[in-house]
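Only one structure is covered here, and it is reproduced in the block below.
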Amino acid sequence: MPSPASLWFGGDYNPDQWPEPVWDEDMRLMRQAGVTLATVGVFSWSLLEPEEDRYTFDWLDRVLDLLHANGISACLATPTASPPPWFTLAHPDALPVTADGVRLTHGSRDTYDVCAPAYREASLRITRALAERYAHHPALALWHVHNEYGTHTYGEHAARAFRTWLRGRYGSLATLNDAWTTAFWGQRYSDWEQIHPPRATQYLPNPAHLLDFRRFLSDAMRGHYCAQRDILRAANPDVPVTTNFAFGSWVPVDPWRWAADLDLVAVDVYPDATGEAAAHQHAFAADLARSWGGGRPWLLMEQATGYLGARVRPKAPGEIIRHSLSHVARGSRGAMFFQWRASVGGAEQWHPAMLPHTGADSPVFAEVCELGALLGRLAEVQDTRVVEDAAVVWDPESWWALQSPSLPSPDLDYLAAVRQVHRVLWRQGRTVAFVSPHSPMPDLPLLVVPLLYLTSAATARFLADYAEQGGILVVTYGSGTADEHARVWPGGYPGALRDLLGVRALQHYPLDPSVDAVTVCGEDGEYWGRARRWSEELDVADAKVVARYADGPFAGRAAVTRVGRGAGQAWYVSCDLEDAGLGKVLSRAGLSGGTATPPAVEVVHRDSRDEQWVFVLNHGNGPVTGADLGLAVESREVLSGVSGAALVVPAGGVAVLRGPRRP
Ligand code: GAL
């Protein structure tokens with residue numbers, strides 16, 4: 001996909017919520033802010049098709065023409081995330097059903113059953129109508145299918161589709177019964193029709209059943225996406241197609257399995273923290289988005305300009321710019337927001353926007369304009385590559401498996417564990433590539449595998465190959481425990497990875513975070529930190545002890561180990577060490593490179609054959625200089641023209657330097 005002439009900057013634009021005279025003001029202010037892309041029509045189905053097969057496109061024609069006349073491109077959505085009330089009344093079976101058997105009703109959005117034939121048919125009808133009318137509109141730059149796929153449904157349509165999916169996966173009931181361990185509690189299936197979605201049941205559900213249903217739903221939604229994508233592509237193969245992944249404390253679909261079907265990965269990012277933690281969450285999501293697409297350019301499709309209850313914490317002045325640049329630095333084709341103009345009514349009337357209720361004379365709009373001007377100078381960064389220096393395995397299936405009620409501890413928090421590893425590397429100035437456990441590991445010097453609860457034999461082989469070939473592998477607690485069907489690997493933990501790591505845990509010893517903590521010290525007695533949720537009684541086979549438990553039930557026993565494997569090494573961290581201790585492990589793992597950055601300063605490098613770009617985001621309270629960061633003397637800051645040597649980035653500020661590539 002060729003790079004657009006400028007970075008994409010803008011947001012969801014809902015002119016359908018406003019009288020037409022407001023549209024002219026929108027255009028004037030968008031131009032003032034430097035907006036280059038507006039996302040239109042995301043929830044406009046009831047307005048575009050007020051009754052079955054009757055369309056009212058005139059208003060959308062005017063919107064697209066107006067955008068084009070003002071030099072702004074359109075990211076045109078298919079509105080299938082919000083079926084009209086007439087549709088759900090005509091097809092009540094197309095409404096989602098919860099696990100408790102409650103059929104939801106319209107009145108909000110996302111009231112669809114992705115498996116319902118009527119919904120599928122209606123989705124394709126509106127998609128076809130949009131494709132026929134707009135596929136060659138000069139404003140059209142990007143198709144945006146649906147919005148944040150993720151509505152679960154447990155009704156009869158889902159049951160039928162689930163059975164078909166299971167037949168495809170297992171072939172025979174005997175194989176399924178074995179994979180799901182249905183011998184337990186006498187749950188053997190003797191006919192496919194006996195299998196339901198994991199609806200509310202009397203006591204604990206089967207973890208393998210839960211896990212496969214999540215896999216199935218992700219595939220079912222992907223099928224819905226692909227059917228629309230095919231229509232849009234056929235109408236004009238030159239316009240890229242995407243959908244926006246939701247990402248936060250939940251992961252409704254498996255982006256590894258979707259990414260190849262998207263021309264451009266797009267992601268919505270709403271951190272639930274403030275300050276440095278929010279900056280880190282942006283960097284974390286951005287590294288994931290780039291990695292899902294295998295390093296291809298991607299797009300930050302949505303973020304907020306400010307406060308939204310518990311979901312998005314307030315932003316301090318300067319954070320709109322810093323957070324956006326963190327994404328651009330990490331490969332986003334721009335920075336988009338939800339939404340352009342704040343709504344006065346409706347469910348999201350208090351959602352922050354680029355143009356707040358207050359109007360254009362607001363600090364938020366001023367910062368938005370500043371961001372637009374800055375992005376306007378960065379178009380050429382699109383042709384450079386993000387420099388990565390460490391890899392982390394990220395696995396939505398392990399995350400789903402760890403949401404089952406049948407676990408060795410209720411305190412195993414997958415997202416927290418992966419975020420922690422990323423945070424420690426981020427603070428060490430490293431840029432992380434995430435990798436799927438289902439493919440060979442990348443050629444990067446360090447690979448961290450946090451809490452990979454599900455580890456298939458194939459994944460264990462990929463990890464062993466990585467170490468054999470010279471990589472430094474660091475595996476953390478809880479990994480290797482179960483296979484792809486959530487069945488425990490017998491013989492001692494960490495199951496599938498025991499031989500590779502040269503250790504064998506005789507027992508897990510979960511800690512109660514409200515009362516317990518165990519101390520870990522290096523072999524020289526140096527204090528490394530504490531663990532509060534998890535520890536293990538570890539026997540060492542051929543590994544070397546690097547750190548030990550200093551107190552608690554396993555005082556004196558190994559806590560962290562290392563073993564040479566081929567040309568590389570394999571480390572094991574048997575407890576949930578806090579950041580400082582994990583930092584020691586990762587720096588002692590012998591990794592060189594990275595940028596030694598002052599605290600709270602984020603530095604990302606991008607390069608091309610001849611050039612290097614350096615993004616410096618100062619999230620801290622004091623200034624940072626080019627000398628502090630070892631910046632090349634001959635590089636120049638893009639806006640100010642100041643040299644790398646003379647650069648001073650004030651507290652809260654940003655700088656983007658461009659210079660010749662260093663050998
Ligand atoms: C996203 C969604 C938007 C808007 C936004 C609010 O999840 O795609 O439509 O609701 O959240 O933060």
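Start at 1 and go down the list; that is how both ligands and their atoms are numbered. Every heavy atom of this structure was used, including side-chain atoms; hydrogens, water molecules and symmetry mates were not.
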Where ligand 1 meets Asn147 - atom numbers and elements under 4.0 angstrom, heavy-atom basis: 2 (C), 8 (O), 9 (O)

Interfacing atoms of ligand 1 (cut-off 4.0 Å, heavy-atom, Phe43): 9 (O)

Ring centroid separation Tyr453 to Trp399 under 6.0 Å: no

Residue pair Val265, Phe245: steps toward the side chain to side chain contact (heavy atoms under 4.5 Å, CB included) verdict: CA-CA 8 Å; Val265 166; Phe245 289 122; 4.2 Å; yes

Nearest-neighbour protein heavy atom for atom 7 (O) of ligand 1, which is reported as residue plus atom name and distance: Glu148 OE1, 2.4 Å

Closest approach of any protein heavy atom to atom 9 (O) of ligand 1, naming residue and atom: Arg109 NH1, 2.9 Å

Closest approach of any protein heavy atom to atom 10 (O) of ligand 1, naming residue and atom: Glu348 OE2, 2.5 Å

Asp12 and ligand 1 - part of the residue with a heavy-atom distance under 4.0 Å: neither

Residue from His91, His106, His146 passing ring-ring contact (aromatic ring centres under 6.0 Å, His included) with Tyr112: His146

Centroid-centroid distance, Trp350 to Tyr307, less than 6.0 Å: no

Side chain to side chain, Leu48 and Ile126, heavy atoms closer than 4.5 Å: yes

Nearest non-hydrogen protein atom, atom 1 (C) of ligand 1: Glu302 OE1, 3.0 Å

Parallel, tilted or perpendicular: rings of Tyr154 and His152 (30°, 60°): perpendicular

Those atoms of ligand 1 less than 4.0 Å from some heavy atom in Asp268: 8 (O)

Heavy-atom nearest neighbour in the protein, as seen from atom 12 (O) of ligand 1, with distance rounded to 0.1 Å: His351 NE2, 2.6 Å

